[in-house]
J.: 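Here it is: the structure, laid out below.
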Amino acid sequence: MRRGPVEVLFVAFPNDVGLADMVSVVRRPVQAGTIRLIDCVVALRDEDGALGLLDLEDGLPAALAGLDIDENDLLSDADLEVLTDSLGDDQQGLALVYEEVWAREAVNELEALGAEIALFGRITPEDVEAAFAAQEVRS
């Protein structure tokens, strides 16, 4: 496997959260080598409340230098429209495309042992919580 599983994540933030705060959360798993950012777009509001898009791979503001992002445009205009349409007037957003580096490394080692990936799935955090809650009720 040359690449690990790639995921897309849209996150909505209150308007009073700054760009540096949003990106600092993403910086930690990138620097730890857990994920690799493939694409990243921020939807920010100006003083008038108008939403604008900032593609972080096109150049980071100086305050955010050092955030490693591949030069890929995997987020389409339609993807970004979904992000912006999902935001309330009091929100701005962050769209991330990232590779699960740990999974790539593990799969490469497993494949070297002759294994092959039979299934890859994603369960949302909400579904996990609901499953655990249902399990506690049965206990």
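The basis for the numbers below is simple: all heavy atoms, side chains too, and nothing from hydrogens, waters or symmetry mates. Bear in mind the structure is a predicted one, so any value in this text is a computation, not a measurement. The first residue of the sequence shown is numbered 1, and numbering continues consecutively from there.
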J.: I need the N15 CG to D46 CG distance, nearest 0.5 Å.
T.: 10.0 Å

J.: Rounded to the nearest 0.5 Å, how far does OG1 of T84 lie from CG of D77?
T.: 10.0 Å

J.: Under 4.5 Å between any side-chain heavy atoms of R104 and V101, yes or no?
T.: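 Side-chain contact under 4.5 Å: yes.
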
J.: Is it the case that the side chains of S24 and D21 hold a donor-acceptor pair, with the cut-off being a distance below 3.5 Å and no angle test?
T.: no

J.: Find the distance between CZ (F13) and CG (L87) and round it off to the nearest 0.5 Å.
T.: 10.5 Å

J.: If I compare all heavy atoms of D39 with all of L74, which pair ends up nearest, and what's the gap?
T.: OD2-N, 3.0 Å

J.: Establish whether V137 and F132 are linked, either directly or via other cluster members, by ILVMFWY side-chain heavy-atom contacts under 4.5 Å.
T.: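 Cluster IDs for V137 and F132 differ.
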
J.: Do V25 and L94 pass the side chain to side chain contact (heavy atoms under 4.5 Å, CB included) test, and can you show the C-alpha distance, the side-chain angles, and the key distance before you say yes or no?
T.: CA-CA 11 Å; V25 174; L94 179 62; over 6 Å; no

J.: Would you indicate whether D89, at its atom CG, is surrounded by more than 12 heavy atoms from other residues, nucleotides or ligands within a distance under 6.0 Å?
T.: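 No - once you tally the heavy atoms of other residues, nucleotides and ligands closer than 6.0 Å, there are 12 at most.
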
J.: Given side chain to side chain contact (heavy atoms under 4.5 Å, CB included), test L51 with L44 step by step and report yes or no.
T.: CA-CA 6 Å; L51 201 56; L44 296 174; 5.8 Å; no

J.: Is there a path of hydrophobic side-chain contacts, each under 4.5 Å between heavy atoms of I/L/V/M/F/W/Y residues, joining W102 to Y98?
T.: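 Shared cluster, no.
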
J.: Any chance you could measure Q92, atom CD, to L53, atom CG, to the nearest 0.5 Å?
T.: 11.5 Å

J.: Within the 4.5 Å heavy-atom criterion, are V6 and I38 side-chain neighbours or not?
T.: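 A side-chain contact exists here, since the closest heavy-atom pair is under 4.5 Å.
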
J.: For a quick test of reading the model, state the closest non-hydrogen atom pair linking R45 to Q91 and the distance between them.
T.: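 What the structure gives for the nearest pair is NE-O, 2.7 Å.
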
J.: Is any side-chain heavy atom of L75 closer than 4.5 Å to a side-chain heavy atom of L83?
T.: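 A side-chain contact under 4.5 Å is absent here.
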
J.: Can you measure from CD (E116) to CG (L110) and round to the nearest 0.5 angstrom?
T.: 11.5 Å

J.: Quick one: does L54's side chain get under 4.5 Å of L19's, heavy atoms only?
T.: yes

J.: At their closest point, which heavy atom of C40 faces which heavy atom of L96, and how far apart are they?
T.: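 Between these two residues, the closest heavy atoms are SG-CD2, 3.4 Å.
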
